[in-house]
2 protein chains.
Amino acid sequence: MARVEDAYEQLKSQILDQRLPFGFQATESEIADLVDMSRTPVREALLRLQFDGLVELVPRRGVRVSPVSASDMADIYEILMALEPAAAASLASRGLNAPEIERLESITRDMETALADDDLDAWAMADDRFHREILSLHGNRRLTAFVSALLDQAHRARMITLRLRAKPIASTQDHRDVLAHIVNRSPEQAKASFAAHRERAASELLAILRDLRLPQL
Amino acid sequence: MARVEDAYEQLKSQILDQRLPFGFQATESEIADLVDMSRTPVREALLRLQFDGLVELVPRRGVRVSPVSASDMADIYEILMALEPAAAASLASRGLNAPEIERLESITRDMETALADDDLDAWAMADDRFHREILSLHGNRRLTAFVSALLDQAHRARMITLRLRAKPIASTQDHRDVLAHIVNRSPEQAKASFAAHRERAASELLAILRDLRLPQL
DNA sequence: TAATACGTTAATGTATACATTAAAACAGAT
DNA sequence: ATCTGTTTTAATGTATACATTAACGTATTA
């Protein structure tokens with residue numbers, strides 16, 4: 001399934017970095033031409049992207065890159081606020097070994113460095129890696145796959161709002177706190193601080209989306 | 001997409017009621033013959049079932065109906081324990097109108113009746129409907145779709161263990177409690193009782209699976 | 001002019017033919 | 001007899017041809 005995988009990755013990365021912008025529409029044949037293969041593997045890749053929530057296969061009209069509305073983002077953050085703190089608490093209660101701690105430490109340091117350097121792209125990347133590393137350490141494959149898809153869906157909106165808000169000093173500190181609670185094996189505090197982290201992120205993001213009058217990006 | 005939908009529904013129902021048992025294997029062509037259509041729509045249906053976690057497309061060996069191991073069930077219940085209580089709390093905090101309450105009441109009564117009649121199949125069906133109705137009332141489409149898939153995955157294991165355990169008196173009372181807390185608009189209590197409900201269900205189920213030495217069903 | 005009915009078009013949905021490739025079977029050699 | 005290399009086979013992966021059908025445009029009529 002090299003072709004399917006290839007089409008999937010190409011299209012996904014183009015959607016995530018907005019080379020294929022919100023609302024972009026095309027027929028299956030056009031997409032097939034775009035990635036230079038037949039409709040069959042392209043269709044399969046598009047179905048996967050639809051499951052990921054990144055495109056919609058609109059009957060008769062072709063494929064549309066899903067817009068991300070404020071209400072979508074609210075739904076997504078609601079789920080993240082339930083799942084991620086639970087995963088963090090579980091990690092805190094099982095405890096991490098030294099290399100595992102170092103992985104999270106390293107990502108957190110990268111984030112702090114990026115913040116100090118005012119490198120928002122690097123900051124966003126480290127932020128993402130931290131969240132994904134927590135999932136990966138937790139090890140529930142279903143949870144990882146689902147949350148990962150949600151993080152991808154949120155990605156575009158976050159990149160848009162990243163430069164429209166104050167420097168993410170608090171968020172960076174949040175990560176530091178969450179990590180400390182996990183390392184200290186304090187499940188309840190890890191959960192609470194992660195929930196607070198997401199709650200802040202959600203309310204900031206939604207406020208910006210609404211202010212911009214971008215209910216539908 | 002009538003064919004895809006048809007194949008998907010046929011196969012899904014056959015998997016859920018174990019006419020296609022755990023570990024059943026077949027090639028795409030055999031499945032296509034089974035449902036009397038070409039491989040194309042069948043393949044698409046199988047991909048959906050794979051996303052649902054009900055089958056695995058094993059390269060070169062065909063499609064296999066996913067076994068449900070104790071560890072899979074543990075993963076599934078862990079997610080349910082984070083998401084369902086959150087949904088119940090959210091419902092409790094927004095409040096339900098009369099017809100919405102009546103829907104949940106009616107399902108709960110059905111469950112109590114089934115328990116009194118010793119009709120375990122009817123009981124299981126009402127149990128399932130209660131959980132799905134909570135989701136549906138909550139209205140987060142992503143959450144509904146995901147949890148719904150998890151409930152389907154858990155279905156087979158639950159049906160196997162249903163007759164191997166004591167009558168589900170406590171679970172029935174749990175639903176009654178959760179409903180009361182939602183109606184009373186007590187989010188924290190709704191969340192706590194739902195979590196307790198799932199915790200009990202999970203530990204009973206996992207204990208039976210392990211006792212039966214069915215780590216892999 | 002507006003509305004409706006009909007024909008055309010273009011997109012997906014489906015079937016099928018073909019290419020690719022991994023596994024199995026077999027043969028030969030050590 | 002076993003291991004290895006090769007051949008065969010059979011399954012998926014892919015391309016393509018075809019069927020179906022919804023949308024659009026056009027023409028006719030009220």
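Side chains included, hydrogens not; waters and symmetry mates left out as well; all remaining heavy atoms used. Each chain gets a letter, A, B and so on, in the order the sequences are listed, and its residues count up from 1.
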Atom-to-atom span, CD of A/Gln50 to P of C/dT12 - whole angstrom: 13 Å

Is there a donor-acceptor pair under 3.5 Å between the side chain of A/Asp52 and the backbone N or O of A/Leu54? no

Take the angle between the ring planes of B/Phe146 and A/Phe146 and call it parallel below 30°, perpendicular above 60°, tilted in between. parallel

Separation of atom CE in A/Met1 from atom P in D/dA15, rounded to whole Å: 13 Å

Can you establish whether the number of heavy atoms outside A/Arg141 located under 6.0 Å from its atom CZ is more than 12? no

Within the structure shown, what part of the strands sits under 4.0 Å from B/Thr27 by heavy-atom distance: base, sugar-phosphate, or nothing? sugar-phosphate

For this output row, return yes or no: ring centroids of B/His131 and B/Phe194 closer than 6.0 angstrom. yes

Let me know, please, whether A/Val63 or B/Arg39 comes out on the 5' side of the other along DNA chain C by nearest nucleotide. A/Val63

Is any side-chain heavy atom of A/Met159 closer than 4.5 Å to one of A/Asp121? yes

Nearest whole angstrom, please: distance from the C1' of C/dT14 to the CD of B/Glu5. 16 Å

Which whole-number value in Å describes the distance from A/Arg48 CZ to D/dG13 P? 12 Å

A/Thr40 has a side chain; which of C/dT14, D/dA15, D/dC24 sits nearest to it? D/dA15

Counting side-chain heavy atoms from C-beta on, which of D/dA15, D/dG13, D/dC24 comes nearest to A/Pro41? D/dA15

Counting only side-chain N and O atoms of B/Arg3, is one of them less than 4.0 Å from OP1 or OP2 of C/dA15? yes

Would you say CG of B/Asp36 has more than 12 non-hydrogen atoms from neighbouring residues, nucleotides or ligands within 6.0 angstrom? no

Between C/dA11 (C1') and A/Asp33 (CG): distance, integer Å: 14 Å

d(CG, B/Leu57; P, D/dG13) in whole Å: 8 Å

Out of D/dC24, D/dG13, C/dT14, which nucleotide sits closest to the side chain of A/Arg61? D/dC24

Earlier contact from the 5' end, DNA chain D, for A/Ala2 and B/Glu30: B/Glu30

Provide, to the nearest angstrom, the distance between the CZ atom belonging to A/Arg43 and the C1' atom belonging to D/dT16. 15 Å

Can you measure A/Asp6 atom CG to D/dT14 atom C1' for me and round it to whole angstrom units? 14 Å

Given C/dT14, C/dT12, D/dA15, which nucleotide is nearest the side-chain atoms of A/Ser29? C/dT12

Terminal helix-axis angle for the helix from C/dT1-D/dA30 to C/dT30-D/dA1, with five pairs defining each axis and rounding to 10 degrees: 10°

Take A/Val63 and A/Thr27, measure what side-chain contact (heavy atoms from CB on, under 4.5 Å) needs, and give me the verdict at the end. CA-CA 6 Å; A/Val63 195; A/Thr27 67; over 6 Å; no

